[in-house]
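Before any comments, here is the structure.
Keep in mind that this is a model prediction, so the values were computed, not measured. Convention: sequence-line order gives letters A, B, ...; per-chain numbering from 1.
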Amino acid sequence: MSPDLNVVGNSVGRSDGIGHVTGRTRYTADRSFPGMLHLKMVRSPLHHARIRGIDLSAAERVPGFVRALTARDVPHNCYTILGLIGVEPEEEFVLAEDRVRFKGEAIVAIVAETEAAALEAVSKVQLDLEELPAVFDVEEALEPGAPIVTHWGNNTFMFEGHPCRRVRLGDVEQAFQQADYIVEGVYNTSPIEHAPLETTGCIAVPEANGRYTVYTNTQALYFSLDNTAIILQVPGSQLHFVGGTVGGGFGGKVDVIVEPIATLAAMKTNRPVRYTYSRAEEMQVSSTRSAWRIYVKDGVTRDGHIIARKVTSYADSGAYSRQTPYALTKHAANAAGPYAIPNVAIDAYCVYTNRQPTSAMRGFGVTMASFALEVQMDKIAEKVGADPWTIRFINAYHDGDMKPHRKLVEDATLIETMQAAATRVGHELPDVFRSMTSAPRDAGHDGGRS
Amino acid sequence: MASTIVAFELGGREVEVMVKPMTTLQSALRDQLGFTATKEGCRQGGCGSCTVLVNDEPMLSCLLPVEDVAGQRVTTLESLTPTQGLHPLQQAFLDANAFQCGYCTPGMTMLAQALLDHNPAPDRGDITQALTGNICRCTGYGPIVRAIEVAAQAMHAGEEGQPR
Ligand code: FES
Ligand code: FES
């Protein structure tokens, strides 16, 4: 065997390991440049307000103040992160224009010689705000007369003209009639902050050749570069993004929040500009996982087979949708669970409220479906008087089953995973489940499902 | 506010910094001296990523005015690293994969060094107790605790690895 073909089956040391244990790994904020300026943000103290005026005069007198940036300075101020993959409409403002939609929304960027001067100038900016009614609950946001968060007149993201992502298989209403039991549940989850140990940040550096080098801890380097090019209306070739070392992300560093404004500040001042979140900003301003409310209604036969499942989900997107429509789509595709159910109806809504915007986080819409559905499976077990393992084995997907969104199941492993889990925890499984496999039903392994 | 000059020992070497009142040791190390192994996860005493040793005691450098270390002995991860190879703690962290992103590693390592200085043979309880102020958001603490156990044994065994 060739000497370099020896990796499979062996443990290979990480290329960045020595850097981590010696402290020589360079994270974004470990870099410094001569003449580097510091950017700090004036943020909305209110959840929802009209901006009547901004007075910068006292801030401009702070020693070390260099300049302020407002919405007027941003060439393409209204954008959508997912616009790169065709998602519309443009909806988020780099810097607020006439309205702020969540507490902490960026209004004015202050650039100063030192971080302390930037913070002092931020504290001196006078905002004239008219508070507006705010909404914080997904279902209240959909009621008539609710405060409207978006700039297009309703509080839902539109999926190809529909207010929700819809999946239909068979006829749930008819199947509910035939069911022996109806089992219903409503499941709520809280927003979750990723809380990476290194806060979000970047440094934008003007180069002699007219390009800008942006050192960033983004998890989505080219997404950030392309969105920055759109927002600043410059060719992508003028931007050189350097990333790769991220001090924890978990989905919290895929939004394009710090790079465009730091790069704009570097363009306007012709000096390196650092924009790094404080811990408070990371916790209170950066995207979180959405809060979800999920209604599940199942039609179940006496022996525990689920014959109909109806799921209505609401993700609280917060004030802007960022990557949440994508999470909704993944959620809708998985909201019936890893179970073979002949009749399914799923409506999944991405709802705008006046909360902190939400975005990607581990599992991305699927984790929340799993939480709701697995609690629901236990409820079904209780209702039909069956063991929770049984309910899962008899309903589990097999290869070749049709998923509600019309994809054939491939590489199903639920049955094998449950068998392994049972072994690990020392749970005795009946032979029928011990010998079951995920092989296609017509191969003779019908998994006990008659 | 007038600046003052503060002199202290950093990794066996005399250094001087010119600082405004209330400048933190963390800022002096990172922003003035370029010693960036000391991290800044929160700058408010909540995460432990900025842990350094002052006269062999672990301290949160983000809460420590640099004036307070005048004439004292400061040790950071940079000076823990030997000229050749790795310190037993570093080797153990590497071998145990006691990190994912690595951002907590410097603080964890300095804290572990202080623990082993005081208690060369800590049990699991001693280690987890010592780590309560240091947050890791990636790895989980299991590999970190195991790395410190292994390092303690290695430092115990060989004279070369003995704590100072
Ligand atoms: S930076 Fe000092 S404790 Fe977090
Ligand atoms: S390895 Fe990322 S915080 Fe510990």
Side-chain angles (χ1 to χ4, degrees), chain A residues 11-34 36 38 63-64 113-117 119-120 192-201 203 217 219 243-253 274 276-283 361-362, chain B residues 1 20 22-23 27 29-50 52 62 76-82 85-110 134-139 147 151:
Chain A
S11 197
V12 177
R14 283 175 47 170
S15 61
D16 55 3
I18 300 279
H20 288 352
V21 300
T22 58
R24 287 189 197 142
T25 299
R26 298 188 86 194
Y27 299 86
T28 299
D30 296 340
R31 294 177 193 273
S32 184
F33 297 87
M36 184 169 77
H38 296 259
E113 295 287 349
T114 63
E115 190 181 7
L119 286 170
E120 188 174 352
I192 301 172
E193 165 55 38
H194 315 76
L197 196 53
E198 176 209 36
T199 62
T200 302
I203 302 172
N217 56 27
Q219 290 177 261
T245 300
V246 180
F250 325 121
K253 288 175 179 162
R274 173 177 160 166
T276 308
Y277 275 179
S278 67
R279 175 54 52 188
E281 287 175 305
E282 190 69 43
M283 303 304 283
M361 191 171 187
R362 295 173 164 184
Chain B
M1 284 178 294
K20 295 232 187 313
M22 297 313 287
T23 300
S27 167
L29 287 170
R30 290 178 54 85
D31 305 333
Q32 295 199 38
L33 296 164
F35 276 55
T36 55
T38 301
K39 294 295 175 244
E40 43 178 21
C42 69
R43 303 203 288 176
Q44 55 189 32
C47 75
S49 71
C50 65
V52 300
C62 70
T76 64
L77 184 56
E78 283 95 342
S79 43
L80 200 74
T81 309
L86 296 172
H87 181 281
L89 266 168
Q90 294 173 317
Q91 190 65 51
F93 268 68
L94 188 65
D95 294 344
N97 261 315
F99 47 77
Q100 270 189 46
C101 78
Y103 203 79
C104 66
T105 309
M108 293 285 183
T109 308
M110 298 319 290
N134 282 49
I135 291 175
C136 175
R137 285 287 293 161
C138 301
T139 343

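Within 6.0 Å of CZ on A:R31 lie more than 12 heavy atoms contributed by other residues, nucleotides or ligands.
Evaluation of the side-chain contact (heavy atoms from CB on, under 4.5 Å) rule for A:R279 yields A:A195, A:T199, A:E282, A:M283, B:C42, B:Q44 as partners, not counting sequence neighbours. In this view, B:F93 satisfies the ring-ring contact (aromatic ring centres under 6.0 Å, His included) rule with no residue, not counting sequence neighbours.
You'll find the side chain of A:L197 stays beyond 4.5 Å of the side chain of B:C136, heavy atoms only. A:V21 has its side chain within reach of B:F99: a pair of non-hydrogen atoms, C-beta onward, lies under 4.5 Å apart.
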Note to self: One pair to check against side-chain contact (heavy atoms from CB on, under 4.5 Å): A:Y27 and B:T36. What are the steps and the verdict?
What the structure shows: CA-CA 9 Å; A:Y27 299 86; B:T36 55; over 6 Å; no

Notebook entry, point to check: Going through the checks in order, is the side-chain contact (heavy atoms from CB on, under 4.5 Å) test met by A:I18 and B:L86?
Noted result: CA-CA 9 Å; A:I18 300 279; B:L86 296 172; 4.0 Å; yes

Next item on the list: I would like to know whether A:R24 and B:T81 meet side-chain contact (heavy atoms from CB on, under 4.5 Å); could you show each step before the answer?
Entry: CA-CA 10 Å; A:R24 287 189 197 142; B:T81 309; 4.2 Å; yes

Check: Could you walk me through whether A:T22 and B:E78 pass the side-chain contact (heavy atoms from CB on, under 4.5 Å) check?
Finding: CA-CA 7 Å; A:T22 58; B:E78 283 95 342; over 6 Å; no

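There is no contact between A:R26 and chain B, counting heavy-atom distances below 4.5 Å. Using a 4.5 Å cut-off between heavy atoms, B:N97 touches chain A through its side chain atoms alone. For A:E281, no part lies near chain B; criterion is any non-hydrogen pair under 4.5 Å.
Between the CD atom in A:E198 and the SG atom in B:C104 there is a gap of 12.0 Å [rounded to 0.5 Å]. Atoms CD and CG, from B:E40 and A:D30 in turn, are 7.5 Å apart once rounded to the nearest 0.5 Å. Atoms CD and OG, from B:Q32 and A:S32 in turn, are 11.0 Å apart once rounded to the nearest 0.5 Å.
Looking only at heavy-atom pairs under 4.5 Å with chain B, the residue among A:G19, A:P196, A:A29 that has the most is A:A29. Highest contact tally toward chain A, considering only B:A98, B:G34, B:A37, B:G41, is held by B:G41 [criterion: heavy-atom pairs under 4.5 Å].
Between A:F250 and B:C138, the closest heavy-atom pair is CZ-SG, 3.7 Å. B:Q100 approaches A:R14 most closely through the heavy-atom pair O-NH2, 2.6 Å.
With A:H20 contributing its side chain and B:C101 its backbone, the two residues share a donor-acceptor pair below 3.5 Å.
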